[in-house]
Amino acid sequence: MENKIINLGIFGFGVVGQGLYEVLNRTKGINARIKKICIKDPNKTRPIDSSYFTTDKNEILEDPTIDVVVELINDTEAAFEIVSTALRNGKAVVSASKRMIAENLPALYQLQAENKVPFLYEASSCASIPIIRNLEEYYDNDLLNAVEGICNGSTNYILTKIFEENLSFETALQQAQDLGFAETDPTLDIEGYDPKFKIVILLLHAFGTFVKPEEVFNFGIHHLNDFDIQFARQRNSTIKLIAQCRRQNGHVFSYVLPHLVKEHNLLYDVYNEYNGILLESAFTDKQFFVGKGAGGTATGSAVLSDISALLYNYRYEYKKIKQNNQPSFTNDVQLKIYLRYKTQGQVDLTEFFHISEKYESAEWRYVVGTINLQKLREAGWLKNKDVNILVLE
């Protein structure tokens, strides 16, 4: 596509679609133009000329003059159909749909290979942080030990407001929704599903291992209460929702869990809607990336970066897969956690390998101890709203 004008066909014109339109029109160095935008509701008022819009997906998918399909919709099944059809039609595709990608990675990998067309999705993982391209181009599988960090701007905004401004969870969540950082239904964010989809994608590019989202344990900040917040403050710490994948003894494990984060940790000072990612490798120790993780222009800029990369015929090479030494996935690892609960018998403390600290009061109880990740994943007591966990450093 080098030295030509790229014609774009876009699916969706919500927060990210409008963000892409804005950054594309403010960027002078990219030879790309929007030819058509497919939307669901033709009667909705939109800030650009109506001639851009269509409700017929084939006006994009079957148009031979459209070079790149940009998929930015919320419907997972429809998004996969759009992307797979576009790839079969020989069109390059850029997407920001983390759930669709995470749930269909093996099929999407195969489609790229069979049709010899690129599929780029930097915006699906950490919005403005170019983490996928760094994992693809810089880090060898044998050298990389871990990828961990904050990759959900919505929950980080909420936690920042709780700890920095003493807002209630409900008030902070409403602010995040008002600013467009969180959806009207915030379940995917606050229960940790959104960062789980992202870490599944990063796990593939970091270690070459395909993992289904349902294999990765996620538990968010939806059970957080004032007692947990006080526990963190007493230890000069804050709470961050962290996604992690780590190689260990020939295996790789992954999870999304709230962590108690101390001041020395680089993630401690990642505030508001920002994301922060730590890469740990054998010879360079830790490297730190930080950038906006929510908002239309932040995500739109990542989409535009992928479009720009297509001008230079860039594609993911999936080098870690081709090395044929991928670590196998496991949940058989030990975690040190804080477990808060209300009444005796609410949790099964016999599942802990070791308990180093116990506390009881009239209102709340907690233990600090070591437990197997698989046991935690299977624990029915975590569904109780009076129960919460934090991973300790």
Side-chain angles (χ1 to χ4, degrees), residues 146-164 167-170 172-173 176 181-182 186-199 216-246 253-263 265-278 293-294 331 333-342 347 352 357 364 366-373 375-377 379 381-393:
V147 179
E148 65 173 330
I150 299 161
C151 52
N152 181 267
S154 308
T155 52
N156 202 50
Y157 181 91
I158 292 166
L159 291 167
T160 299
K161 294 300 176 182
I162 289 171
F163 276 88
E164 298 299 314
L167 297 188
S168 69
F169 182 94
E170 291 74 18
L173 170 59
F181 299 150
T187 303
L188 292 180
D189 293 322
I190 65 172
E191 295 188 12
Y193 289 94
D194 174 86
K196 173 167 78 169
F197 299 137
K198 294 171 179 177
I199 203 68
V216 176
F217 178 57
N218 62 288
F219 186 84
I221 61 171
H222 50 306
H223 287 186
L224 189 69
N225 73 5
D226 290 342
F227 187 86
D228 307 323
I229 294 163
Q230 187 63 25
F231 177 87
R233 286 186 170 134
Q234 286 173 348
R235 284 154 181 78
N236 298 314
S237 301
T238 189
I239 295 171
K240 301 289 187 182
L241 184 62
I242 293 179
Q244 178 177 128
C245 57
R246 180 175 291 273
F253 67 88
S254 183
Y255 62 73
V256 177
L257 292 169
H259 280 230
L260 194 74
V261 176
K262 297 179 180 178
E263 286 187 52
N265 191 315
L266 290 167
L267 297 172
Y268 184 93
D269 290 320
V270 179
Y271 298 120
N272 296 319
E273 73 273 23
Y274 279 76
N275 284 180
I277 296 293
L278 282 164
N331 279 306
V333 294
Q334 313 308 320
L335 297 180
K336 184 180 179 182
I337 68 165
Y338 150 94
L339 167 64
R340 184 260 302 156
Y341 57 105
K342 197 171 186 69
V347 297
F352 279 76
E357 187 178 340
W364 295 108
Y366 76 77
V367 297
V368 172
T370 306
I371 192 169
N372 186 279
L373 178 58
K375 288 279 188 186
L376 206 54
R377 186 168 171 255
W381 38 263
L382 267 182
K383 295 175 183 176
N384 190 316
K385 288 190 176 182
D386 288 335
V387 176
N388 192 39
I389 56 171
L390 301 172
V391 176
L392 305 185
E393 295 178 333

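All of these numbers come straight from a predicted model, not from anything done at the bench. Keep in mind that the numbers below use all heavy atoms, side chains included, and drop hydrogens, waters and symmetry copies.
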request  = Check the pair Leu335, Leu257 against side chain to side chain contact (heavy atoms under 4.5 Å, CB included), reporting the backbone distance first and the verdict last.
outcome  = CA-CA 11 Å; Leu335 297 180; Leu257 292 169; 3.8 Å; yes
For [X] versus [Y], what's the shortest heavy-atom pair and its separation?
X: Asn236; Y: Glu263; value: O-CG, 3.9 Å
X: Leu260; Y: Arg235; value: CD2-CD, 4.2 Å
X: Val256; Y: Ala243; value: CG2-CB, 3.8 Å
X: Ala172; Y: Ile158; value: CB-O, 3.7 Å
X: Pro195; Y: Leu188; value: CD-O, 4.2 Å
X: Lys240; Y: Thr160; value: NZ-OG1, 4.2 Å

query = Is the number of heavy atoms from other residues, nucleotides or ligands under 6.0 Å of Asp226 CG greater than 12?
reply =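 Open: at most 12 neighbouring heavy atoms sit under 6.0 Å from CG of Asp226.
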message = Quick check: Tyr366 with Tyr341 (ring centres under 6.0 Å apart)?
response =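 Aromatic pair excluded; centres sit 6.0 Å or further apart.
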Do [X] and [Y] come close enough that some side-chain heavy atom pair is under 4.5 Å?
X: Ile242; Y: Leu267; value: yes
X: Ile277; Y: Cys151; value: yes
X: Phe217; Y: Leu382; value: yes
X: Tyr268; Y: Lys262; value: no
X: Arg340; Y: Asn225; value: yes
X: His223; Y: Asn384; value: no

Distance-only polar pair, side chains of Glu393 and Asn265, donor-acceptor under 3.5 Å =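 Distance-only check passes for Glu393 and Asn265.
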task = Please lay out, stage by stage, how Leu339 and Val347 fare under the test side chain to side chain contact (heavy atoms under 4.5 Å, CB included).
result = CA-CA 9 Å; Leu339 167 64; Val347 297; 3.9 Å; yes
message = Evaluate Leu376 against Ile337 for side chain to side chain contact (heavy atoms under 4.5 Å, CB included), listing each step before the verdict.
response = CA-CA 10 Å; Leu376 206 54; Ile337 68 165; 4.1 Å; yes
inquiry  = Return the CD1 to CG distance between Ile190 and Leu159, rounded to the nearest 0.5 Å.
reply    =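 Atom-to-atom, Ile190:CD1 and Leu159:CG are 11.0 Å apart.
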key: Reported OG-to-CD1 distance for the pair Ser254 and Ile199, which is rounded to 0.5 angstrom   =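 Going from the OG atom of Ser254 to the CD1 atom of Ile199 covers 5.0 Å.
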inquiry  = Set out, in order, the CA-CA distance, both residues' side-chain angles and the distance that settles side chain to side chain contact (heavy atoms under 4.5 Å, CB included) for Ile239 and Phe163, then state yes or no.
reply    = CA-CA 8 Å; Ile239 295 171; Phe163 276 88; 3.7 Å; yes
inquiry  = Please check this pair: side chain of Asp189 against backbone of Asn152, looking for a donor-acceptor N/O pair closer than 3.5 Å.
reply    =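 The answer is no, because no donor-acceptor pair under 3.5 Å joins these two groups.
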query = Phe253 vs Tyr255 aromatic rings, parallel, tilted or perpendicular, using cut-offs 30° and 60°?
reply =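 Correct class here is parallel.
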